[in-house]
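Presented below is the structure to which this report refers.
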Protein chains: 2
Amino acid sequence: MNYSKQREIIYKTLADNVVHPSAEYIYEILKEANSNISLATVYRNLNKMASCGHIKKIEGLEDKAHFDHNTFEHYHFICQKCGKIYDIPKEIAPDIIQKTQNKTGFTINSHDIVFHGICLECKKE
Amino acid sequence: MNYSKQREIIYKTLADNVVHPSAEYIYEILKEANSNISLATVYRNLNKMASCGHIKKIEGLEDKAHFDHNTFEHYHFICQKCGKIYDIPKEIAPDIIQKTQNKTGFTINSHDIVFHGICLECKKE
DNA sequence: TTATAAACTGATAATTGTTATCAGTTTTGT
DNA sequence: ACAAAACTGATAACAATTATCAGTTTATAA
């Protein structure tokens, strides 16, 4: 993979964002900053970085895919009211890979856990 | 919800299938059986049954959604080689809801776990 | 350095999975 | 048997993503 200025900008935009943005959302931020980076380039580079493990792709939320620069193992919670995505620490499911491999004999390369529910903020209301 | 002959056929097609089919796949089976059920009806009814808990919708695999008539709590493994989807028993992650609720204070309504890797069949080759 | 191949880009057309629409049909409760 | 509600097939519309393509940038090595 070669260096590209656009990829660097896309990664920084992702990393600086507290949220877990979609490709579209990153594209909008870049457009407002007059970066002149096309939507196709955003998709291309997010997917490229995800497939080489530099970032994480979060699928199965609504329709869109979201991206996460936080690559240490963790899970996600999506609020059914506000739509916000929260990180969940991996300690909630200890030895999950080992247990599953033992039980099935399959080789596990990755796994994702997604919770749906209502976050604290939205419960207050 | 009213009774519908098409919905019954769609459910039976789903239940009789060992695999976890997509809407498209069910539609193809029905078409071969000359059922004359339209793709829209397949989508409509799978979604309807999923939202009332009669079946399960599995999202976040590749692009398509898949469906599962097995509604007891369990997880999924998708083989990166053959694409087959396997059921994983819920025992691999005991108390996962309780733990996550305690840790976050969020209310959890549902959760999904998806593993990616290589299944036994494909490892043999 | 410059030449060259490979990897990249923006713009946009194309694709794909899914949903909406709509006129007509079934189902259900009275 | 009748009206209201829920359903249907056909197909247009939609939204997210990917493919295409001519031109540009990057890495390599003579």
Side-chain angles (χ1 to χ4, degrees), chain A residues 1-14 19-68 76 78 83 85 112 114, chain B residues 1-14 19-68 76 78 83 85 112 114:
Chain A
M1 199 196 302
N2 279 350
Y3 169 83
S4 113
K5 184 179 270 182
Q6 286 88 338
R7 183 153 53 240
E8 189 178 19
I9 292 172
I10 289 167
Y11 178 75
K12 278 190 179 154
T13 306
L14 174 63
V19 298
H20 301 71
S22 64
E24 185 90 36
Y25 185 80
I26 288 186
Y27 173 66
E28 290 304 327
I29 292 178
L30 295 174
K31 201 159 74 177
E32 278 175 32
N34 295 313
S35 291
N36 214 48
I37 294 176
S38 84
L39 181 58
T41 300
V42 173
Y43 272 103
R44 260 191 302 245
N45 283 299
L46 288 172
N47 283 330
K48 188 158 285 184
M49 287 189 283
S51 71
C52 78
H54 191 203
I55 66 174
K56 247 189 147 186
K57 189 174 188 174
I58 317 170
E59 291 180 283
L61 298 186
E62 323 102 72
D63 295 336
K64 300 181 187 178
H66 290 248
F67 295 86
D68 194 342
H76 292 105
I78 177 163
I85 300 170
D112 298 292
V114 179
Chain B
M1 200 195 300
N2 280 351
Y3 169 83
S4 114
K5 184 179 269 180
Q6 287 89 338
R7 183 154 54 240
E8 189 179 20
I9 293 172
I10 289 166
Y11 179 75
K12 278 189 180 153
T13 306
L14 175 63
V19 298
H20 301 71
S22 63
E24 185 90 37
Y25 185 79
I26 288 186
Y27 173 68
E28 290 304 326
I29 291 179
L30 296 174
K31 201 159 75 177
E32 279 174 31
N34 295 313
S35 292
N36 215 46
I37 294 177
S38 85
L39 180 59
T41 300
V42 173
Y43 271 104
R44 259 191 301 247
N45 283 299
L46 288 172
N47 282 330
K48 189 159 283 185
M49 290 189 282
S51 73
C52 78
H54 191 205
I55 66 173
K56 244 188 150 189
K57 189 174 189 174
I58 318 170
E59 291 181 281
L61 299 187
E62 322 103 70
D63 294 336
K64 299 180 187 180
H66 290 248
F67 296 86
D68 195 342
H76 292 104
I78 178 164
I85 300 170
D112 298 291
V114 179

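Order of the sequence lines sets the chain letters (A, B, ...), proteins ahead of strands, with each chain counted from 1.
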Mapping B/Ile10 and B/Asp63 to their closest nucleotides on DNA chain D, which lands nearer the 5' end?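 Of the two residues, B/Ile10 wins.
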
Sub-3.5 Å donor-acceptor pair from the side chain of B/Arg7 to the main-chain atoms of B/Met49, do we have one?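 Here the side-chain-to-backbone pair does not exist.
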
For the side chain of A/His66 and the backbone of A/His20, is there at least one donor-acceptor N/O pair under 3.5 Å apart?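 Yes; judged by distance alone, with no hydrogens or angles, the pair exists.
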
If you assign A/Ala40 and B/Ser22 each to the DNA chain C nucleotide with the nearest heavy atom, which residue ends up on the more 5' nucleotide?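 The answer here is A/Ala40.
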
Go nucleotide by nucleotide along DNA chain C from the 5' end; which of B/Ser4 and A/Asn2 gets its closest nucleotide reached first?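 Closer to the 5' end of DNA chain C: A/Asn2.
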
Provide, to the nearest angstrom, the distance between the [atom1] atom belonging to [X] and the [atom2] atom belonging to [N].
X: A/Leu39; N: C/dT9; atom1: CG; atom2: C1'; result: 14 Å
X: A/Asn36; N: D/dG23; atom1: CG; atom2: P; result: 18 Å
X: A/Ile37; N: D/dT25; atom1: CD1; atom2: P; result: 14 Å
X: B/Asn45; N: C/dT19; atom1: CG; atom2: P; result: 13 Å
X: B/Asn47; N: C/dT19; atom1: CG; atom2: P; result: 5 Å
X: A/Glu24; N: D/dA16; atom1: CD; atom2: P; result: 6 Å
X: A/Tyr25; N: D/dA16; atom1: OH; atom2: P; result: 16 Å
X: B/Tyr27; N: C/dT19; atom1: OH; atom2: P; result: 16 Å

Let's see if you can work this out: which of [options] has an atom nearest to the side-chain heavy atoms of [X]?
X: A/Tyr3; options: D/dA19, D/dA27, C/dA20; answer: D/dA27
X: B/Ala65; options: D/dA27, C/dT18, D/dT17; answer: C/dT18
X: B/Arg44; options: D/dA10, C/dA7, C/dT18; answer: D/dA10
X: B/Met1; options: C/dC8, D/dC7, D/dT18; answer: D/dC7
X: A/Tyr43; options: D/dA16, D/dA5, D/dA10; answer: D/dA16
X: B/Lys48; options: D/dC7, C/dT12, D/dA10; answer: D/dC7

What pair of heavy atoms forms the shortest contact from [X] to [Y], and how long is it?
X: A/Leu46; Y: A/Leu14; answer: CD2-CD2, 4.4 Å
X: A/Ala23; Y: A/Val42; answer: O-CG1, 3.6 Å
X: A/Leu39; Y: A/Tyr27; answer: N-CE1, 3.4 Å

